[in-house]
Amino acid sequence: MIKEKNIAVLVSGGGTNLQALIDAVNDGRIKNGRISLVLSSNPDAYALTRARKNNIPVLVVPRSDYDCRASFTEAIVNALSEYNTDLIVLAGFMYILDSSFVKKYENRIMNVHPALIPSFCGEGMYGLRPHKAALERGVKITGATVHFVNEVADGGRIILQKAVAVEEGDTPETLQKRVMEQAEWEILPEAVNLFCCDKL
Ligand code: GAR
């Protein structure tokens with residue numbers, strides 16, 4: 001019998017990836033896992049509404065309250081230490097945390113990135129920017145990656161990837177939407193399920 005895992009999801013914005021995780025827990029695609037906390041860096045994130053609608057406890061640690069990466073990281077580590085967290089999922093979390101966070105939760109932090117790593121990734125590549133860069137470079141295939149988080153931005157072990165076609169006339173927004181629908185919302189719950197079933 002596998003122990004049920006406590007999952008903390010870190011968000012900054014709309015929370016569609018959070019929603020994909022909530023749906024997958026509810027319909028049994030994620031087994032042995034429950035979302036026990038949603039932590040947002042942004043007090044106005046719609047992701048918080050999604051969590052509250054599903055009776056998931058929320059915490060807000062506003063990035064603007066901290067003057068540097070180290071103090072922001074410390075506040076997040078302190079907040080998480082109250083919860084018995086097995087897995088931390090960065091689902092549209094727009095900040096890089098420092099190495100104290102990575103050391104404390106080694107091999108227990110996952111991130112979803114909206115490109116096929118090692119393309120269009122690293123510091124500064126978040127949100128719409130990887131899609132803009134993919135269109136500027138003229139690639140015909142992009143996609144999404146779920147990976148473990150280590151000290152290197154987008155540099156940890158790759159867990160799952162899925163390719164998505166770029167279409168004629170795509171804008172960063174249309175490409176982002178297709179990558180989310182066809183890749184992110186599929187591979188993120190799948191990777192979380194693998195973790196919760198001790199298969200990673
Ligand atoms: C998603 O496309 C996610 O992959 C990306 O931000 C979006 C958040 O959307 N994350 C990054 O760029 C992190 N490097 P969501 O809030 O609707 O899940």
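All ligand and atom numbering here is 1-based and tracks the order in the structure.
Residue Val11 places every heavy atom at 4.0 Å or more from ligand 1.
In the model, Ser41 has a side-chain atom that pairs as donor or acceptor with a side-chain atom of Ser12 under 3.5 Å. If you check the side chains of Tyr66 and Arg63, you find no donor sitting under 3.5 Å from an acceptor. Asn32 and Glu4 share no side-chain donor-acceptor pair at under 3.5 Å. At a cut-off of 3.5 Å, with distance as the only test, no side-chain donor of Glu151 or Ser99 sits close to an acceptor on the other residue. Asn42 and Ser40 are not linked by any side-chain donor-acceptor pair at a separation below 3.5 angstrom, with hydrogens and angles left out of the test.
Residue His113 approaches ligand 1 through these ligand atoms, each under 4.0 Å from one of its heavy atoms: 14 (N). If you number the atoms of ligand 1 from 1 as listed, the ones under 4.0 Å from a heavy atom of Gly127 come out as 11 (C), 12 (O). Against a heavy-atom cut-off of under 4.0 Å, Met125 is close to the following atoms of ligand 1: 14 (N).
Annotation: atom 8 (C) of ligand 1 to nearest protein heavy atom, Gly92 CA, 3.6 Å. Among protein heavy atoms, the minimum distance from atom 10 (N) of ligand 1 is reached at Val112 O, 3.8 Å. Protein heavy atom closest to atom 9 (O) of ligand 1, with residue, atom name and distance, is Met180 CE, 3.3 Å. From the protein, the heavy atom lying nearest to atom 6 (O) of ligand 1 is Met94 CE, 3.1 Å.
Polar contact check, Glu184 against ligand 1: a nitrogen or oxygen pair lies under 3.5 Å apart. Residue contacts with ligand 1: Asp154 is placed with no nitrogen or oxygen under 3.5 Å of a nitrogen or oxygen of the ligand (distance criterion only). At least one N/O-N/O distance between Asn17 and ligand 1 falls below 3.5 Å. The shortest N/O to N/O separation between Gly15 and ligand 1 falls below 3.5 Å.
Two residues are said to be in side-chain contact when any heavy atoms from C-beta on lie closer than 4.5 Å; Ile158 and Phe148 fail this criterion.
One distance of note links CG of Asn193 with NZ of Lys199; it measures 7.0 Å at 0.5 Å rounding.
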